[in-house]
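First listed ligand is number 1; within each ligand, the first listed atom is number 1. Computation of the quantities below employed the complete heavy-atom set of this structure, encompassing side-chain atoms and omitting hydrogens, waters and symmetry-equivalent molecules. Note that the structure is predicted; figures quoted are calculated from it, not measured.
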Amino acid sequence: MSIEKTLSIIKPDAVSKNIIGKIITRFEDNGLYLVAGKLLHLSDDDAGGFYQEHKGKPFYEDLIKFMTSGPVFIQVLEGEDAITKNRELMGDTDPTRAIKGTIRADFANSIDANAVHGSDSQTSAIREIEYFFKAEEVLNK
Ligand code: ADP
Ligand code: MG
C-alpha cells in the first residue's frame, strides 16, 4: 500500500448530465482526495495525444469525436492505492458489465459514453498527469 496520484476525467456525457459533484463524492467517500482539477473542452489534438495508445483501434475515431464533443472535468486524485482504487470505483469499461454501485454501472449509458477515465498503471498515471497539469498546478500535501 502506498500513497499514489492518478488522473481521472469526468467525460462529456457525465458533465452534460450535471453529475460532476455526484462522481467526485464517490471519490471523496472512498478516501481519494482532489489535488488538482479543471474544466476543459479538448481539441482533436488534445484528445489524440492523450489516447495515443488506442490509435488505429476500431473505436479510436469515435472515441476522439466523443471526448471532444463537450467539456470534460480533469482531475488528479490522491490516496492509498489511488490507481487501483479509482479503477474499482469506475467499474468495467462496458457499463452493462460493470458491477452495481460502480460509477459506470450507475451513471454511464454505453461503452462510448462511459462517464469516466482513470489511469490504468503507475506509468500511465505519471504520463497522463503531466499531459494535463504543470507541476505547480498539483497540490503536494
Ligand atoms: P478504460 O477507459 O476502461 O481504461 P480503454 O483504455 O480500453 O478503457 O479504452 C478507452 C476508452 O475507449 C473507453 O473508456 C471507451 O470509452 C472506449 N472504448 C474502449 N473499448 C471500446 C469498444 N470496444 N467500443 C467502443 N468504445 C470503446
Ligand atoms: Mg484505459
Side-chain angles (χ1 to χ4, degrees), residues 1-135 137-141:
M1 300 271 275
S2 62
I3 301 286
E4 295 173 338
K5 289 186 177 68
T6 190
L7 188 89
S8 164
I9 302 180
I10 302 179
K11 294 186 178 184
D13 56 320
V15 172
S16 72
K17 284 187 206 161
N18 211 20
I19 55 169
I20 293 175
K22 283 189 178 156
I23 292 175
I24 291 177
T25 297
R26 298 282 177 109
F27 300 135
E28 292 180 331
D29 285 350
N30 288 280
L32 296 179
Y33 298 84
L34 241 87
V35 291
K38 59 185 161 193
L39 274 169
L40 277 181
H41 195 146
L42 301 181
S43 68
D44 282 1
D45 281 353
D46 293 335
F50 182 73
Y51 279 120
Q52 61 188 26
E53 67 186 286
H54 295 305
K55 227 163 245 175
K57 292 188 186 168
F59 58 83
Y60 177 75
E61 300 297 333
D62 285 345
L63 175 61
I64 300 306
K65 204 175 285 175
F66 172 64
M67 288 301 289
T68 57
S69 65
V72 293
F73 187 75
I74 307 178
Q75 60 197 317
V76 179
L77 302 172
E78 185 175 275
E80 279 288 348
D81 289 328
I83 297 166
T84 303
K85 190 176 281 181
N86 181 36
R87 297 287 303 189
E88 285 170 3
L89 294 171
M90 287 163 59
D92 195 282
T93 306
D94 179 352
T96 65
R97 292 167 174 266
I99 297 166
K100 204 165 174 284
T102 61
I103 293 167
R104 282 166 164 170
D106 295 350
F107 300 125
N109 303 331
S110 68
I111 195 166
D112 301 283
N114 63 0
V116 278
H117 165 86
S119 308
D120 63 7
S121 67
Q122 188 70 248
T123 309
S124 38
I126 290 165
R127 182 187 82 82
E128 292 176 0
I129 292 168
E130 282 178 357
Y131 189 81
F132 283 119
F133 293 96
K134 296 183 193 134
E137 291 175 323
V138 182
L139 283 185
N140 274 307
K141 294 194 294 176

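Considering each of M67, R87, E53, the one bringing a non-hydrogen atom nearest atom 4 (O) of ligand 1 is R87.
For atom 11 (C) of ligand 1, the closest non-hydrogen atom of the protein is L63 CD1, 3.8 Å. Scanning the protein heavy atoms around atom 1 (P) of ligand 1, the nearest turns out to be T93 OG1, 3.6 Å. The closest protein non-hydrogen atom to atom 15 (C) of ligand 1 is I111 O, 3.1 Å.
Taking every heavy atom of H54 and a limit of under 4.0 angstrom, the matching atoms of ligand 1 come to 5 (P), 6 (O), 7 (O), 9 (O), 10 (C). Listed by atom number, the atoms of ligand 1 under 4.0 Å from R104 heavy atoms are 1 (P), 2 (O), 3 (O), 14 (O). Listed by number with element, the atoms of ligand 1 under 4.0 Å from a non-hydrogen atom of D112 are 16 (O), 25 (C), 26 (N).
Here salt bridge (charged side-chain N to carboxylate O under 4.0 Å, His left out) pairs that include residues 80-95, with residues two or more places apart or in two chains, are D94-R97.
For the pair F59 and ligand 1, the shortest N or O to N or O distance does not fall below 3.5 Å. Residue-to-ligand polar distances place K11 within reach of ligand 1: an N/O pair is separated by less than 3.5 Å. At least one N/O-N/O distance between N114 and ligand 1 falls below 3.5 Å.
For F50 and F132, the ring centers are positioned less than 6.0 Å apart.
When all heavy atoms of H117 and Y51 are compared, the pair lying nearest together is ND1-OH, 3.7 Å.
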Steps toward side chain to side chain donor-acceptor pair (under 3.5 Å) verdict (D29, T25) = CA-CA 6 Å; D29 285 350; T25 297; 5.8 Å; no
I24 vs F73, side chain to side chain contact (heavy atoms under 4.5 Å, CB included): CA-CA, chis, key distance, verdict | CA-CA 10 Å; I24 291 177; F73 187 75; 3.9 Å; yes
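Between the side chain of E4 and the backbone N or O of A82 there is at least one donor-acceptor pair closer than 3.5 Å.
Applying the side chain to side chain contact (heavy atoms under 4.5 Å, CB included) test to D13 and every residue at least two apart in sequence or in another chain returns K11, F66, A113, A115.
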